[in-house]
Amino acid sequence: MIERILRADVFAEESFDDPPGPPLFAAEEALLTKAVDKRRREFTTVRRCARRALARMGVEPMPLLPGLRGAPGWPDGVVGSMTHCAGYRGAAVASAARVLTVGIDAEPAQPLPDGVLDTVASEVERKRLSAYAVDRPDVAWDRLLFSAKESVYKAWFPLTLRWLDFAEADIEFDPAAGTFTARLLVEDRPLDGFTGRWLVAEGIALTAITVPAEG
Ligand SMILES: CC(C)(COP(=O)(O)OP(=O)(O)OC[C@H]1O[C@@H](n2cnc3c(N)ncnc32)[C@H](O)[C@@H]1OP(=O)(O)O)[C@@H](O)C(=O)NCCC(=O)NCCS
């Protein structure tokens, strides 16, 4: 499903449950000694997804350990992103020679809990969401906006190793085209923004950003 919103040179694998599979590496297991069952399941399945995607690039199985601020550590020459939520796990990887950065995010396609939108969206963004809902009342636009911001952060962080606040990206969707733009509102930045794609299917809201390496 997520490959529908990624460039063709990104390899993605996903899962809608937690089927049995190869064991984790010892270094990964060591991170789960105090983990609750939910965390163990999402951590394990998403890494199996990532290793399947890496195998399609010819990369042998290896531990995928969280690095600085939780960003996943990928093998040299690889960029990627992982996401998990109830009913979905997904991983996307690409050659760094072709792709500068990737950010993917999945959320249940349900409205955000009360009060959350005000903490993640500006007044302008909230007004836009109301306008999108006129033509597409079937889409939980507030959740999709949240997902787009998470994808922005996952694409931004590996490039800059810096925090980005929810107020520091202005998101605008094109409901008909299935795309969005994120304008970065920070002064010291390697690029002006990101473009991404969105999809709601099987009860999951998905967003994805792929920045090509050229240009
Ligand atoms: C880190 C964060 C983006 C994760 O998103 P989430 O929707 O909570 O959770 P998801 O399941 O979709 O993603 C989790 C995965 O994100 C990845 N991730 C975590 N920190 C990351 C970082 N700093 N950079 C890139 N990827 C990161 C990891 O692979 C993680 O999975 P893992 O712990 O199993 O390795 C989120 O928790 C967060 O801290 N957000 C605040 C920053 C932000 O979003 N700013 C908005 C900018 S507009």
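We count ligands from 1, going down the list as the structure has it; atoms in each ligand are counted the same way.
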key: Any residue meeting ring pair (Phe, Tyr, Trp, His ring centres under 6.0 Å) with Phe43, in chain and number order, not counting sequence neighbours   = none

message = Contact between Val186 and Leu164 at the side-chain level, heavy atoms closer than 4.5 Å - yes or no?
response = yes

Side-chain atoms of residues 175-185: list all donor-acceptor pairs with protein atoms under 3.5 Å, sequence neighbours left out, distances to 0.1 Å.
none

query = Can the ring centres of Phe157 and Trp163 be said to be less than 6.0 Å apart?
reply = no

query = Hey, which residues fall under 4.0 Å of ligand 1 on heavy atoms?
reply = Arg39, Arg47, Arg69, Gly70, Ala71, Pro72, Met82, Thr83, His84, Asp105, Glu107, Lys149, Glu150, Tyr153, Lys154, Phe157, Trp163, Leu164, Asp165, Phe166, Ala169

message = Just to verify, what does Phe194 make a ring pair (Phe, Tyr, Trp, His ring centres under 6.0 Å) with, not counting sequence neighbours?
response = none

task = May I ask you to decide if the ring planes of Phe173 and Trp198 are parallel, tilted or perpendicular, using 30° and 60° as cut-offs?
result = perpendicular

